[in-house]
Amino acid sequence: MRPSRLKNAQAEESQLQLRLLVVYAFILLMFALLVARFVWLQVLQHDHFSTLAQNNRISLVPIQPSRGLIYDRNGVVLAQNYSSYTLEVVPSKTADLEATVHALGELVEITPRDMRRFRKMLAESKDFEAVPLKLKLTDEEAARLAANVWRFPGVEVNAQLFRDYPYRELTSHVLGYIGRINPKDKERLAEEEKTANYRGATHIGKTGLEKIYEDVLHGQAGFEEIETDSAGRAIRSVRSTPPVSGHNLKLALDIRLQELADKLFGQRRGAVVAIDPQTGGVLAFLSKPGFDPNLFIDGIDPQTWNTLNTDWQKPMVNRALRGVYPPGSTFKPFMAMAALQSGALTPGQILPAPGYFTLPGSNHQFRDSVPSGHGAINLSKAIAVSSDTFFYRVAWDMGIDRIHPLVSQFGLGSLTGIDLDGEARGVLPSKEWKAKRFAKSREEVRRWYPADVVSVGIGQGFNAYTPLQMANATAILANDGVVYKPHLVKEVVDTKTGQIRRVEPNPLRTLPFKKSYYGVVKEGMAAVMRPGGTAWRLGVGLKYAMAGKTGTAQVVQIRQGAKYNAAALAEQYRDHSWFIAFAPVEKPQIALAVIVENAGFGAAAAAPIARALCDFYLTGVVPPELKGQLKTLPPEPAEQDKKDTASHASLAG
């Protein structure tokens, strides 16, 4: 073999060996990578992929807790839960939504209201979310749908817990209502880091106690681990963590007193707030008219919503909490306390109370409700007969700079802090308030004039308070200046352990007024109920000592020299009827404020309601005309039953 050929053969063999070496190295590298990947997946990432595989096999299904119940002070259920079936549609799983709904309508009745609510909620929901088409199916409807649901992809019949408010309008402005969780609610839950506890939840408290005590009522969500096959079908339950039911609420409110107040109002508009002065517990809290909160639970349809909002009587407005009204003469007892404490007036001091009052250098007459006036009287008599000119003079002598800080201590013009949302502050006027209120107006409008204080002294002018504030101020006065925060919830009951957490009635503070001054003002208010007082007729037959104050609040101003004529005015421009009261005078157990809108003189409309409520609360007596009409009271035994009972008792004796 030639040397050149030998060299070529050796070179080729070397190249071949090099190539083989590269191939072997590449194979070894690939094998090493496979081993490394194997170690990474099977060893280092074992827990992670095991969890993923487990998740593919195991589904976590949230279990919603039962919402806590709400009771009145006597254990009457005001908000409850019940189970029922719901027809639901998932739009993303439905090929032809309109055809599906039409076909379902042949199996069960779907009303126009059902359709309006369905379309509203459809617009607010995502395609993959189940939207209720018909709520609260009967057993027959649920069975019929269950037998045919296989024909309709995306259609489900599910059992759900529903909230129910059995007393409807009677408790609407106290309890509020729950509603379906919307994007705003989800955003808030995320901010508060509560999303996990609301997985699978559909409802949340929207207003009233349902909103304020949402965290207490909602409870703790549970979950169930469901094993599924490759097609996602449930095979078995692996394990479950049961939900914890929400806590129950027991209120200070007495639903019997609430219903009686409602019946006494009839078709009139207004509000009642009654408070226990010794604890701050709210015994009655009524705003008339009300609304049915059950309409809102699963989405109110647009037509019903529009009807409620365009109703001229405004049933959605919580008058007790948010309605602000001039207090009229019910302001005078607090004005009297301020005058005594400031030294502007002494308890026995006599002042003239003519038919009108004029400012120095002015011809304008501030008239009294009695054209001839009341002669010369002291403070107690001025309260009893409700002399305007007496309090015009006192207000003028004091000036707003002394009135405001003293009257404000009774909580007027301030939030009470009650456990409800949306409380209005009201207006106790001052120079600073007027300047701020009219900041964008001309300087002469912003300025406080000396004459402004005159009408303030009788509860008119810029004065404006809520019935809740007036009831709270009355309770403070009745309790000799000891202040409690008004509250509706009396106890929170743990449904799991039965443990009770009470809302302890701890005094917030005691007003720095001389104690004897309370006696002077209370005597004047007690005299209101006696002959010569503005509500003396309602004092006839009282079995306990009651103190009160009538008030008639102007809605429109009457021209100088003109006479008020209610018949000539449209109803909404007529005076409001006010009455504040507490009883018994010696140791008050109830203090209340009543306003009847556009009903005129306080003694004519508001005072009879207050008297009847006090009678019932303190003695159990129901007005004869309402006996047998109150659903919250057991019916009176028939006359023959009474005779049989008496006869049986006689024989037994």
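Every value quoted in this text rests on a predicted model; they were computed, and no experiment measured them.
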Under a plain distance cut-off of 3.5 Å, with no hydrogens placed, do Tyr213 and Asp419 share a side-chain donor-acceptor pair?
yes
Considering residues, nucleotides and ligands other than Arg113, do more than 12 of their heavy atoms fall under 6.0 Å from its CZ?
yes
Ring geometry between Phe296 and Tyr177 (parallel below 30°, tilted from 30 to 60°, perpendicular above 60°):
parallel
Would you check if there is a donor-acceptor pair between the side chains of Gln589 and Tyr544 at a distance under 3.5 Å?
no
Backbone N or O of Leu170 within a donor-acceptor pair of the Asp262 side chain at under 3.5 Å?
no
From NZ (Lys134) to CG (Leu87), nearest 0.5 Å:
9.0 Å
Does a salt bridge link Glu214 with Lys206, judged by any charged N lying under 4.0 Å from a carboxylate O?
no
OG1 of Thr495 to CG of Leu217, rounded to nearest 0.5 Å, is 10.5 Å
Atom OH of Tyr85: over 12 foreign heavy atoms under 6.0 Å:
no
Is there a donor-acceptor pair under 3.5 Å between the side chain of Asp292 and the backbone N or O of Arg168?
no
Whether over 12 other heavy atoms sit under 6.0 Å from Glu625 CD:
yes
Got a donor-acceptor contact below 3.5 angstrom from the Gln220 side chain to the Pro65 backbone?
no
Rounded distance (nearest 0.5 Å) linking atom CG of Asn248 with atom CD1 of Ile70
9.0 Å
Looking only at atom types and distance, does a side-chain atom of Gln80 sit under 3.5 Å from a main-chain N or O of Leu69, one as donor and one as acceptor?
no
Pro326 and Ala553 have their tightest heavy-atom pair at O-CB, 3.0 Å
Give, for atom OG1 of Thr207 and atom NE2 of His173, the distance between the pair rounded to the nearest 0.5 Å.
9.5 Å
Side chain Glu210, main chain Ile204, donor-acceptor under 3.5 Å:
no
Closest non-hydrogen contact found for Pro467 with Ile595 is CG-CG2, 3.8 Å
Counting the benzene-type ring for Trp, do His218 and Tyr198 have ring centres under 6.0 Å apart?
yes
Counting only heavy atoms not in Glu586 (residues, nucleotides, ligands), do more than 12 fall under 6.0 Å from its CD?
yes
If the plane angle is over 60° it's perpendicular, under 30° parallel, otherwise tilted; pick one for Trp578 and Tyr325.
perpendicular
Is the backbone of Ala271 close enough, under 3.5 Å, to the side chain of Ser287 for a donor and an acceptor to pair up by distance?
no
Consider only side-chain N and O atoms of Thr416 and Glu423, and report whether a donor and an acceptor are under 3.5 Å apart.
yes
Would you mind checking if Lys120 and Asp301 are paired as a salt bridge, meaning a charged N to carboxylate O distance below 4.0 Å?
no
Can you list everything that forms a salt bridge (charged side-chain N to carboxylate O under 4.0 Å, His left out) with Arg188? Sequence neighbours excluded, please.
Asp185, Glu192
Does any N or O in the side chain of His203 come within less than 3.5 Å of the main-chain N or O of Gly179, such that one atom is a donor and the other an acceptor?
no
Might you confirm whether atom NZ of Lys490 has over 12 heavy atoms from other residues, nucleotides or ligands at distances under 6.0 Å?
yes
Just by distance, do the side chain of Asp615 and the backbone of Ala612 share a donor-acceptor pair under 3.5 Å?
no
Roughly how far, to the nearest 0.5 Å, is CG of Asn81 from CZ of Arg163?
5.0 Å
Which heavy atom of Ala475 sits nearest a heavy atom of Ile275, and at what distance?
CB-CG2, 4.2 Å
Value for OG (Ser577) from CD1 (Ile609), rounded to nearest 0.5 Å, stands at 7.5 Å
Counting distance only, does the side-chain N/O of Arg319 pair as donor-acceptor with the main-chain N or O of Lys314 below 3.5 Å?
yes
Could you check whether any side-chain N or O of Thr138 sits under 3.5 Å from a backbone N or O of Glu141, counting only pairs where one atom can act as donor and the other as acceptor?
yes
